[in-house]
Enquirer: 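Right, I'll just put the structure down here and ask away after.
Whatever order the structure lists ligands and atoms in, that order sets their numbers, starting from 1.
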Amino acid sequence: MSEVKPYADLALYIDGVFIGAEARDGNEVINPADGSVLGRLPHARTEDMDKAIASASRAFETWRWISPLERGKILRRVAELIRERAQDIARDLTLDQGKPLAEAYAEVFNAAEHAEWHAEECRRIYGRVIPPRDRNVRQTVIRQPVGVCAAFTPWNFPFNQALRKISAALGSGCTVILKPAHDAPSAVVALVRLFDEAGLPPGCLNLVWGPSNRISRYLIETPAVRKISFTGSVPIGKQLGALAGEHMKRVTMELGGHAPVLVFADADIDRTAAYLSVLKARNAGQVCMAPSRFFVHADVAREFTEKFIAANEKLVVGDGLDPKTTMGPLTNRRRVEAMEDLVSDAVAVGSILASGGVSHDGPGHFFPPTVLTDVPLSAKIMNEEPFGPVVPITTFQTTDEALTLANALPFGLASYVFTRSLEINHRATYGIEAGMVSVNHFGIALPETPLGGVKDSGVGSEGGTETFDAYTTVKFISELTA
Ligand code: NAD
């Protein structure tokens with residue numbers, strides 16, 4: 001019988017050296033499916049932070065001059081290693097993050113594609129030649145790496161989110177100090193081990209863990225750190241953005257959304273209801289792009305709601321390692337409490353709890369797929385991102401009304417439109433205030449497409465040809481040649 005591998009060895013990674021949990025204070029990592037302790041995560045001391053900053057600064061002076069072709073080779077090698085080790089990475093990701101194993105695999109394989117995309121695309125960080133006014137002058141524009149980057153990544157897609165930031169930074173010639181969320185650390189440690197194995201020089205990538213506030217403040221205030229990239233909630237994004245502004249640091253902010261879903265009367269209701277049920281259940285709704293405010297045309301609202309609830313009833317909630325499970329637990333207790341609060345508030349202001357809504361008794365952070373109807377716009381859930389498996393459904397009558405509802409919040413990340421009408425499609429895709437609109441399907445977050453938000457949902461994009469903009473500076477060179 002083959003031996004079951006133990007859960008990941010968690011570590012810091014500083015100047016090319018791994019520092020294990022036995023050498024530092026830290027926190028316990030919990031399995032959200034049963035509440036058991038999986039391991040201990042070491043926290044960086046101040047001297048570790050200083051070492052990480054010094055090594056990233058030193059490494060930048062070499063790495064920035066390594067050709068994009070060579071930088072790309074490392075990213076390609078990492079992609080190969082990711083695919084080779086996918087089984088162990090995905091298993092540990094399910095253990096500490098909670099998502100079903102099939103979703104964990106999808107996250108891991110998708111990340112390999114991101115590494116490859118960045119490996120190819122970094123060879124095309126082009127400049128340009130501007131026609132001069134004087135024939136003896138040559139005017140060129142070049143793009144150069146910004147320097148040492150501090151990257152803060154979340155717990156919902158820990159592997160993928162870390163990979164995106166690391167590969168954009170390394171691909172453009174920057175070095176990185178990565179501080180991921182402590183809730184689901186195994187996949188990030190595994191990823192950093194793959195970069196080490198792929199031959200990334202020491203200092204180009206450093207991994208630190210510990211209290212978020214202490215570490216982010218320390219890194220943002222350090223002069224050597226030139227760029228901040230954060231994925232997480234709007235309030236923390238604003239806090240880090242304000243601090244970065246004080247020190248005139250560049251930022252990329254991928255923040256929360258509250259994605260409107262507009263289901264028009266002419267949509268294919270059977271298909272739309274079934275599709276949205278599966279999409280919403282992905283990662284138990286803990287996705288910044290998850291469909292989350294459902295506006296359904298009044299003529300089809302009843303039919304849609306019944307079919308959506310019927311589709312939800314086919315979901316199997318359980319431990320992500322069980323092959324039958326299609327929706328795992330929430331990653332932490334905070335999310336279960338947030339779901340309970342949103343549901344009880346909605347009911348208190350007059351919404352109907354049409355299905356789900358009651359937390360699971362016993363160990364694990366489970367919450368069932370839940371549907372609320374007749375939800376007043378004043379309910380908390382119509383204004384705060386649920387980041388969990390709760391869906392509020394309300395109705396609209398006209399396209400204008402649907403667009404007004406969609407655009408009513410300060411968020412603007414993903415949005416969804418379901419219609420067969422070319423006219424409605426055109427009005428909605430152009431009229432919705434969001435960084436991404438997906439019509440009749442989910443087509444977001446591919447390596448070759450930009451992911452980013454407008455309004456409070458963030459600044460800048462990751463992926464697509466835009467991916468290096470945030471990690472490079474523009475330099476204009478004017479030369480008198482004769
Ligand atoms: P939170 O607001 O405390 O933290 C959000 C994220 O920011 C976490 O990953 C956390 O580790 C990190 N963080 C917190 N304080 C930080 C600091 N001072 N410096 C650097 N990083 C810091 O909330 P939470 O309970 O961890 O997550 C729930 C909320 O976060 C959700 O409601 C959702 O809006 C948001 N979120 C968004 C994404 C996304 O992909 N945009 C991912 C995870 C969480």
Enquirer: From the options N156, N283, N332, select the one residue that forms a side-chain hydrogen bond (donor to acceptor under 3.5 Å, both in side chains) with Q97.
Expert: N283
Enquirer: Which atoms of ligand 1 sit under 4.0 Å from any heavy atom of E254?
Expert: 41 (N)
Enquirer: Counting the benzene-type ring for Trp, do Y13 and F18 have ring centres under 6.0 Å apart?
Expert: yes
Enquirer: Between F230 and ligand 1, which residue portion shows a heavy-atom distance shorter than 4.0 Å: side chain, backbone, both, or neither?
Expert: side chain
Enquirer: Mind checking whether F387 and W155 have ring centres under 6.0 Å apart?
Expert: yes
Enquirer: Which of the atoms in ligand 1, numbered in the order shown and given with their element, are less than 4.0 Å from a heavy-atom of C288?
Expert: 39 (C), 40 (O), 41 (N)
Enquirer: Partners of N213 by side chain to side chain contact (heavy atoms under 4.5 Å, CB included), sequence neighbours excluded?
Expert: S216, Q239
Enquirer: Can you sort out which atoms of ligand 1 are near T231, meaning under 4.0 Å from one of its heavy atoms?
Expert: 39 (C), 40 (O), 41 (N)
Enquirer: Can you list everything that forms a side chain to side chain donor-acceptor pair (under 3.5 Å) with K99? Sequence neighbours excluded, please.
Expert: E107
Enquirer: Distance to 0.1 Å, residue and atom name: give those for the protein heavy atom nearest to atom 27 (O) of ligand 1.
Expert: W155 CZ2, 3.5 Å
Enquirer: Which atoms of ligand 1 are found less than 4.0 Å from any heavy atom of P154?
Expert: 9 (O), 42 (C), 43 (C)
Enquirer: Got a salt bridge between K165 and E254, using NZ or NE/NH1/NH2 to carboxylate O under 4.0 Å?
Expert: no
Enquirer: Under 6.0 Å between the ring centres of Y275 and F442?
Expert: no
Enquirer: For S233, which part has a heavy atom under 4.0 Å from ligand 1: side chain, backbone, both, or neither?
Expert: both
Enquirer: Heavy-atom distances under 4.0 Å decide this one: backbone, side chain, both or neither, for L255 against ligand 1?
Expert: backbone
Enquirer: Near L240, which atoms of ligand 1 are under 4.0 Å from a heavy atom of that residue?
Expert: 19 (N), 20 (C)
Enquirer: Within 45° of the ring axis of F411 and under 6.0 Å from its six-membered ring centre, is that where the NZ or CZ of K455 lies?
Expert: no
Enquirer: What about R334: any of its N or O atoms under 3.5 Å from an N or O on ligand 1?
Expert: yes
Enquirer: Does the distance from a Lys or Arg side-chain N to an Asp or Glu carboxylate O, for D183 and R334, drop under 4.0 Å?
Expert: yes
Enquirer: Considering heavy atoms of the protein only, find what lies nearest to atom 34 (O) of ligand 1 and give residue, atom and distance to 0.1 Å.
Expert: E385 OE1, 2.4 Å
Enquirer: Do protein heavy atoms approach atom 40 (O) of ligand 1 to less than 4.0 Å?
Expert: yes
Enquirer: Which residue holds the protein heavy atom closest to atom 38 (C) of ligand 1, what is that atom called, and what is the gap in Å?
Expert: F387 CZ, 3.6 Å
Enquirer: Would you call K238 and D456 a salt bridge, taking side-chain N to carboxylate O under 4.0 Å as the test?
Expert: yes
Enquirer: Locate the shortest heavy-atom distance separating P42 from R24; write the atom from each residue and the value.
Expert: CB-CB, 3.8 Å
Enquirer: Only heavy atoms count here, so choose which of E384, M253, R335 is nearest to atom 32 (O) of ligand 1.
Expert: R335
Enquirer: Polar contacts were defined as any N/O atom of the residue lying under 3.5 Å from an N/O atom of the ligand; does this apply to S216 and ligand 1?
Expert: yes
Enquirer: Which atoms of ligand 1 are found less than 4.0 Å from any heavy atom of I236?
Expert: 2 (O), 13 (N), 14 (C), 15 (N), 16 (C), 17 (C), 22 (C)
Enquirer: Using the benzene-type ring in the case of Trp, are the ring centres of F468 and H118 under 6.0 Å apart?
Expert: yes
Enquirer: Which ligand 1 atoms are under 4.0 Å away from a heavy-atom of A181?
Expert: 9 (O), 11 (O)
Enquirer: Applying a heavy-atom cut-off of 4.0 Å, say which part of N213 lies close to ligand 1: side chain, backbone, both or neither.
Expert: both
Enquirer: Counting only heavy atoms, which portion of R217 has something under 4.0 Å from ligand 1: side chain, backbone, both, or neither?
Expert: neither
